[in-house]
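I have placed the structure first, in the form of structure tokens, so that the comments after it can refer back to it.
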Amino acid sequence: RNYKKCGVCRSISSKRCAGCQMEWYCSVDCQKQHWVEHGSICQEKQAEYFPVMFVPDDSAASTVPDKIVTVVSIQLYQPVSMEMNIYDQQLRIRGSMSSLCSNSANFMDIVKKQGFKGFKGFFNAKKD
């Protein structure tokens, strides 16, 4: 597995690309060296992230980390409702998407058309 291995020298890494959060690096030097190859991929990945107005559940409000990169599930409460539940597998993130979120219709459309049985979709997510 390539997980947590430097994108350049393949050594164990603890730093992620600050832009896309998908590539790992062991040092700033390796990151700079890799930018020529990684730059366009990074920008494409960043374009896949949509801002969301997240409303944490009362029980989860204190457990949402300041920074996190994970896969979240966005699940429709009801097919006709605009309300959507958001959570990650470890339940560090639990809550809903605000109905005031400008992207809520986009997420709902993606979930209905491409999601599991038209009510659940999985998305890369980051909080910075």
Side-chain angles (χ1 to χ4, degrees):
R1 239 168 94 150
N2 293 335
Y3 182 66
K4 291 192 177 184
K5 289 189 178 178
C6 179
V8 177
C9 69
R10 312 307 298 156
S11 65
I12 301 297
S13 304
S14 61
K15 299 169 183 71
R16 289 187 197 218
C17 172
C20 68
Q21 302 289 317
M22 297 296 187
E23 191 69 69
W24 291 88
Y25 297 103
C26 64
S27 68
V28 173
D29 289 338
C30 278
Q31 185 175 12
K32 286 179 182 177
Q33 181 182 344
H34 196 228
W35 184 249
V36 172
E37 180 183 335
H38 177 66
S40 60
I41 296 166
C42 181
Q43 291 171 351
E44 288 174 19
K45 277 291 174 199
Q46 287 182 63
E48 293 176 8
Y49 290 102
F50 296 102
V52 171
M53 291 178 68
F54 175 71
V55 181
D57 287 349
D58 291 338
S59 62
S62 63
T63 63
V64 178
D66 291 335
K67 288 188 174 192
I68 188 171
V69 178
T70 189
V71 173
V72 295
S73 173
I74 296 181
Q75 185 171 335
L76 307 181
Y77 286 126
Q78 300 170 10
V80 295
S81 170
M82 285 297 288
E83 295 182 45
M84 290 175 268
N85 197 17
I86 301 174
Y87 56 92
D88 70 339
Q89 187 175 18
Q90 294 82 18
L91 298 178
R92 296 169 294 183
I93 296 175
R94 296 186 309 273
S96 60
M97 185 181 305
S98 169
S99 58
L100 302 174
C101 178
S102 61
N103 286 317
S104 62
N106 293 340
F107 280 104
M108 181 168 287
D109 191 48
I110 292 169
V111 170
K112 284 182 176 180
K113 290 180 180 176
Q114 301 172 23
F116 177 73
K117 296 188 177 181
F119 77 95
K120 183 189 283 189
F122 299 92
F123 300 86
N124 288 325
K126 71 176 183 174
K127 179 185 176 201
D128 352 83

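Note that this is a predicted model, so its numbers are computed, not measured.
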_Partner set under ring pair (Phe, Tyr, Trp, His ring centres under 6.0 Å) for F123, not counting sequence neighbours_ = F107

_Determine whether a donor-acceptor pair (N or O, by modelled atom type, separation under 3.5 Å) exists between the side chain of Q21 and the backbone of A18._
yes

_Do M97 and I74 make a side-chain contact, defined as non-hydrogen atoms from C-beta onward lying under 4.5 Å apart?_
yes

*asked:* Checking S102 now: which residues fulfil side chain to side chain contact (heavy atoms under 4.5 Å, CB included) with it, not counting sequence neighbours?
replied: none

_Clusters formed by hydrophobic residues whose side-chain heavy atoms approach within less than 4.5 Å: which one holds I41, and what are its other members?_
none

*Name all residues meeting the side-chain hydrogen bond (donor to acceptor under 3.5 Å, both in side chains) criterion together with K117; count only those two or more places apart in sequence or in a different chain, and write none if there are none.*
none

*Listed once per pair and sorted, the side chain to side chain donor-acceptor pair (under 3.5 Å) pairs that draw on residues 28-42, sequence neighbours left out*: Y25-H34

_F116 CZ to S73 OG distance, which is reported to the nearest 0.5 Å_ = 10.5 Å

*Of all residues at least two apart in sequence or in a different chain, which pass the side-chain hydrogen bond (donor to acceptor under 3.5 Å, both in side chains) check with N103?*
N106

*Is the shortest heavy-atom distance from the side chain of S104 to the side chain of M84 under 4.5 Å?*
yes

*Output every pair passing salt bridge (Lys or Arg N to Asp or Glu O under 4.0 Å) with a member in residues 101-110, not counting sequence neighbours, ordered by first then second residue.*
D109-K113

_Check: I12 and K4 side chains under 4.5 Å, non-hydrogen atoms_ = no

*Would you name the heavy atoms of C26 and S13 that are closest together and state the gap between them?*
N-OG, 3.4 Å

*To the nearest 0.5 Å, what is the distance between CZ (F122) and CD (Q89)?*
9.0 Å

_Pairwise side-chain contact, F119 with Q75, heavy-atom cut-off 4.5 Å (strictly under)_ = yes

*asked:* Evaluate K120 against L76 for side chain to side chain contact (heavy atoms under 4.5 Å, CB included), listing each step before the verdict.
replied: CA-CA 6 Å; K120 183 189 283 189; L76 307 181; over 6 Å; no

*Return the set of residues passing side-chain hydrogen bond (donor to acceptor under 3.5 Å, both in side chains) with Q90 (not counting sequence neighbours), or none when no residue passes.*
R92

*Is it true that V8 and M22 fall in one hydrophobic cluster, defined by side-chain heavy atoms closer than 4.5 Å?*
no

_How about CD on Q46, more than 12 heavy atoms from neighbouring residues, nucleotides or ligands closer than 6.0 Å, or not?_
yes

_Atom of C42, atom of C20 and distance for their closest heavy-atom approach_ = SG-N, 3.6 Å

